[in-house]
Amino acid sequence: MDASAYDHHSAEKQWAEAWRKHRVYEPNLDHPNSPFYNLMMFPYPSAEGLHVGNMYAFSGADIYGRYQRMQGKDVFEPIGLDGFGIHSENYAIKIGVHPVEQAKKSQENFYRQLGAIGSGFSWDERLETYDPEYYTWTQWLFVQMFKNGLAYKASSLVNWCPSCKTVLADEQVEDGVCERCKTSVERREAKQWFFRITKYADQLLANIEKIKWPEKIKNAQRQWIGRQTGLEIDFKLDGTTHDGKKEIISVWTKFWETMFGITYLVLAPEYPHVESCADETHKTEVRAYIKKALHKTEQQRKIDEKDKTGVFTGAYAINPATNEKIPIWIADYVLKDVGTGAVMGVPSHDLRDFAFAKKYSLPLKQVVSYDDATINTAVARGEKAFEGKGVLINSGEFSKLSAWGEGKENMKQWMIRKKFGRERTTYHLRDWLISRQRYWGPPIPMVECAECGWQPVPEDQLPIELPFVKDYKPTGDGKSPLERAPESWLYTPCPKCGKKAKRETDVSDTFLDSSWYFLRYPSVHTKDKPFDSARIKTWLPVNAYIGGAEHAVLHLLYARFVTMALKDWKYLDFDEPFPFLFGHGLIIKDGAKMSKSKGNVVNPDEYIEKFSADALRTYLMFLGPYDQGGDFRDAGISGMYRWQQKIWRLFHTKVRTKVDTTKPTTQNLLVKLQRTIKKCTEDMAAFRFNTSIAMLMECANVWSEDGEAMEKKDAEQFLKLFAPFMPFMAEEIYQEFIGGGSKGKKSFTSIHTSSWPTYQQNLLVEKTVEIIVQVNGKLRGRFTIDANEAMDKTRVAEAAKGLEKVAELLKAGSVKNTVVVPGKLVNFVLEEK
RNA sequence: GCCGAGAUGCUGGAAUGGUAUACAGUCCAGUCUCAAAAACUGGUGGGCGCAAGCCCAUGAGGGUUCGACUCCCUCUCUCGGCACCA
C-alpha cells in the first residue's frame, strides 16, 4: 500500500474501463426491480469539446443518480449527442469542414471527454440525432404531426436571420437577435412549415400546476404562453372600402371600460386588407409606410419605441358605443400578433395612446375621473394620460359607475348583448416554425405534387436520408442547400398519384430532434418503431430531469408539446415527460457567462489531467448550491485536490484493517459519522451537494484529529458517502482493501452498486446537551447538562441562574420572564431598574 | 413597466424563529528543511481592552417576538425571464 499519494491517472483510467467491462451502469432495461430514469439534458457537441459548464451539469446529475443507485434503484443514465442543427453546422462552416466530417470528430472527442468525467452513463444506449437510425423517427414524428393536422405549411411574416440565412421560431429570437449567432433578426414573408403548438396552449399552461419544476422555469413558460382574457370589439368602417366591401375592424382589449373615450383606431402594418381601407389620396403614403415598416428589424422597431410613427388612412370607423366617427391610422407600434392586430386609441387613459395622439394631434376624451384632483385636472386638460382606478364619466348609462368594478362588468354585458363585443382569450404563444433553410438537419419528409398537393412520405420509406451535398452552405435566397441535391433525390413519385413530384428541401428545426430523444433512449436498438411501448411503460416519464434554465421556453416547451401530442395519438399514456425537473445554475468565469467570444471557456481536460476528475467534479459541486451555479476559479480546485489526498492518506494510515474488538472506533468519531450519514442522506436527496461535502469534510477533520484508527466497517460507511462525489478514488480504495476487495479477481462488486449507509439512531441521541443561556436575548453563558434533565424546565432555569456570570447580570434587574426551550436554551428577560 | 430569484467576513458560501460567520479559499505566523515545495499547527468580520470580557455587524429603514439572516411592511441595489401586450 502506497500511503504517500493517490495517483489519479492510472486509477481513473482503470476504473472507467472496469465499469464498462462489468456493465456497472447498465440496468436491466426489460425487468428492472426499481427503475429510475435519471436524465440530464444532452449536449450539443462542438469541436471545442466539453466545457466545465457541461461538466457541472453532468456531475450534479450523476451524483444524484449514484445516490439513487446506492438506494437500490436501477438507475438508467443515458447520454447522447444533439449533434444536428445550426450550432454544429455554423462551426463546420467557420472552419471549412463538411458537417458530416466534423460530426465524426466532435463525436469522438465528446465521448472521450464524457468518458473521463466520472459519470455513470449507460453507454450501450447512446444516440446521436444525426444518425439515420434516430432521425428516421424524427421524420416519423413529423409525418404524424401532418397526419393529425398539427403540421401545416403557410405563408406568413417570419423571423429571418441574415447570418444563419434561415428562418427561426419565435422562441429562438431573444431580444430581437438570433439565439445562436446574435445577429439582428429581420422579418420576411415566407411559406413555411409550422407545428400547431397553440392547440395545446391551455393544456401546456394548466399542466404547469402539476409538475415539480423550479418556479422560475414554470413562470417563464406561463409568461411565454401568455394567456390573457379580454374583449374583442367590432368597429364598422364608415362607408365602404374603395373596392366596395363593408369591412369590419375588430380590436382586442382588456380595458373596454374606456370604450367611450376612443378617439381613433390604429392598425398594424400587417393588418389584412389594410391598404384597401385607405382612400385614394392617402393610398401612396400608406403603401410606403407599410413597406418601410415591414422591412424594419425587431431592433429598429425597439429604437423607435419612444418616437412612434404612423400614417392616417383617410378612412373612418364608427365607435359602436357612441356612434362617433373616428379616424383609422396605421402604426408599427401595433403588432399583428398581439390581439387582433388592431388597437383602439384611448389617449386620455393609456400612456402610449397619449404619446401617439399628441404627436399627430388626435383628439383626447376623458372618460374616467380620479379622486386625486391634481391628476384629474391634468387629464381633463389633456396634459397627461392616467391609467389608475377611477369612476366612469362621459360614458352614457355607465357614467358614475366604477371603472374597474360594476361599470366595467356592465359595459361588457352590454357589448355582448348588443353583439359588437365578445369575450376572447389571446395567447402570446405562436405556432412552432419548424422549417430551416439549412443543410445539417433531418430533411422534412414531405413531397409536393402538382396535382395532389403536399403529401407525407409513406412511413415505410423513412428515413429520407440527408443526401451528401458538397456545397452545403446556406444560400440566403430563402432556399435550402438541399436544392442542390441530385435530381434523383429531389424528384420522387408522388406517394398518392405516382406522378413526378418534388421533395421538401428544408430541414427541420434542431429542437425537433431534442423534443423526443428521452423517449428513444430506453429502446435505441429498436429498429421498426420509434420506441418500444413496454420499455416506455417501464421507464417513463423521466424520474429526474436535470438541466439549465436557458431552455425554459425552448426545449422544455417543445418536449412537453410533443409528449402531449403523442399521448393524444395513443402512443403514450402520460402527458408530461418530466414531472420532476431540477434546474442547475450556470458556471461563470471571471464574472461572465462562458462563451467563445469572451474567450473564457474552460476546458476540463487540463484540470482532470492535473487534479483528477474526482477533484474537479467535487470542487464544482462545493462551489455553492447546485441551482445557483458559481464562479470557476483555479485556486479552489487545488484545495479540493488537497482534500482528496488527505482522504487517501486517512484511509491508508488510520483504518484498522484487522478486527480488534478491544479497540473500536472512538465514540466521538462514531457519533460524527452517524451525523454525517444523516446529513448526507438528506442533502443528496435534495441536490444540496455543497453542504453534503462540507459535512464530509467536518467528519474527515474529526477522523484526522482522532487519536485512534477507525474500524474498517465504519471507514467503509464513510467511503460510501463520498463515493458519488469521487467515484474513481472511492472505487480504488474499496477494491484495494475496504469492501470489494475484488482487485485481480474475476468477479467484480463495485462500491457504486453497494448500498447506501444507514445511521444508528441511538448514537445520535446525546447523553448530555449544551444549554445556551441568554439575558435579554443576548448570549451570556452556556453549560452542559444531562440530556434527560435538560427537558425539565425548572431544573434548567435553576442551573442557568447558578452560573456565576449570569447571576451577576441578573442583579441588574428583576426577572420579568423566563423562557426555557427544553434541551436548547434559557432566556431571562429583565425588568430594567 | 410586469414576473421570478437574490443581497451574510477579503472571496465562495453555512445556519427547523434559538450559540451568526459552519465548511472551504485567501493571507499571516510557526513546525519540519541547507532552502523550497508538500504536510502539519495556530490565527484571520470590525471596534475597545494587558486580559477576562464588552460593544457593533447578515443591503437600508420600520414592525411582530422573550429572541429575527430567517416571518411581515416600505425602500435600494444585483441577477434572470417577459415586454410598444393594447
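Chain A is the first sequence line, chain B the second, and so forth, proteins listed ahead of strands; every chain is numbered from 1.
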Next item on the list: Measure from NZ or CZ of A:R560 to the centre of the six-membered ring of A:W213, then state whether that distance is under 6.0 Å and the direction lies within 45° of the axis.
Entry: yes
Scanning both residues in full, the closest heavy-atom pair of A:T340 with A:Y271 reads O-CE1, 3.4 Å
A:L764 atom CG is separated from B:U16 atom C1', nearest whole Å, by 16 Å
Determine, step by step, whether A:Y264 and A:D353 satisfy the side-chain contact (heavy atoms from CB on, under 4.5 Å) criterion, reporting the C-alpha distance in whole Å, the side-chain angles of both residues, the deciding distance to 0.1 Å, and the verdict. CA-CA 9 Å; A:Y264 61 94; A:D353 293 349; 3.5 Å; yes
Scan A:F255 against the nucleic acid and name what it touches under 4.0 Å (heavy atoms): base, sugar-phosphate only, or nothing. sugar-phosphate
Check your understanding: Within the structure shown, what part of the strands sits under 4.0 Å from A:K254 by heavy-atom distance: base, sugar-phosphate, or nothing?
Key -> sugar-phosphate
Check your understanding: Regarding A:W224 and A:E171, is there a side-chain donor-to-acceptor distance under 3.5 Å anywhere?
Key -> yes
Problem set entry | OP1 or OP2 of B:G25 under 4.0 Å from side-chain N/O of A:R642 | yes
Whole-Å C1' distance, B:C55 and B:G42: 27 Å
Contact check, residues 693-706 of chain A vs RNA chain B, heavy-atom distance under 4.0 Å, returns A:A694, A:M697, A:E698, A:N701
### Message
Taking atom types as they are modelled, would you say the side chain of A:N827 forms a donor-acceptor pair with the base of B:C66 within the 3.5 Å cutoff?
### Response
yes
So OG1 of A:T258 and CE of A:M411: to nearest 0.5 Å the spacing works out to 8.0 Å
With syn defined as a glycosidic angle within 90 degrees of 0 and anti as anything else, the base of B:G53 is anti
Notebook entry, point to check: Quick one: does A:Q628 reach the base of B:G13 with a side-chain donor-acceptor pair under 3.5 Å?
Noted result: no
- Task: Select base, sugar-phosphate, or nothing to describe what A:G636 touches, counting heavy atoms under 4.0 Å on all strands.
- Result: nothing
Return no unless some side-chain N or O of A:K778 is found under 4.0 Å from OP1 or OP2 of B:A20.
no
**Message:** Counting distance alone, no hydrogens or angles: does the base of B:G81 have a donor or acceptor under 3.5 Å from a partner atom on the side chain of A:Q223?
**Reply:** yes
Ring centre gap for A:F687 and A:F689 strictly below 6.0 Å: yes
Assign A:P214 to base, sugar-phosphate, or nothing according to its heavy-atom contacts below 4.0 angstrom with the strands shown. nothing
Exercise for review: Please measure how far the P atom in B:C2 lies from the corresponding atom in B:U74, and state the result in whole Å.
Suggested key: 13 Å
If you look at every strand shown and take non-hydrogen atoms under 4.0 Å, does A:N690 touch a base, only sugar-phosphate, or nothing? sugar-phosphate
- prompt: Does the separation of the ring centres of A:F632 and A:Y619 fall below 6.0 angstrom?
  reply: yes
Would you say the side chain of A:K824 and the base of B:U19 hold a donor-acceptor pair, judged only by whether the two atoms sit under 3.5 Å apart?
no
Expressed in whole Å, how much space separates the C1' atoms belonging to B:G49 and B:A37? 40 Å
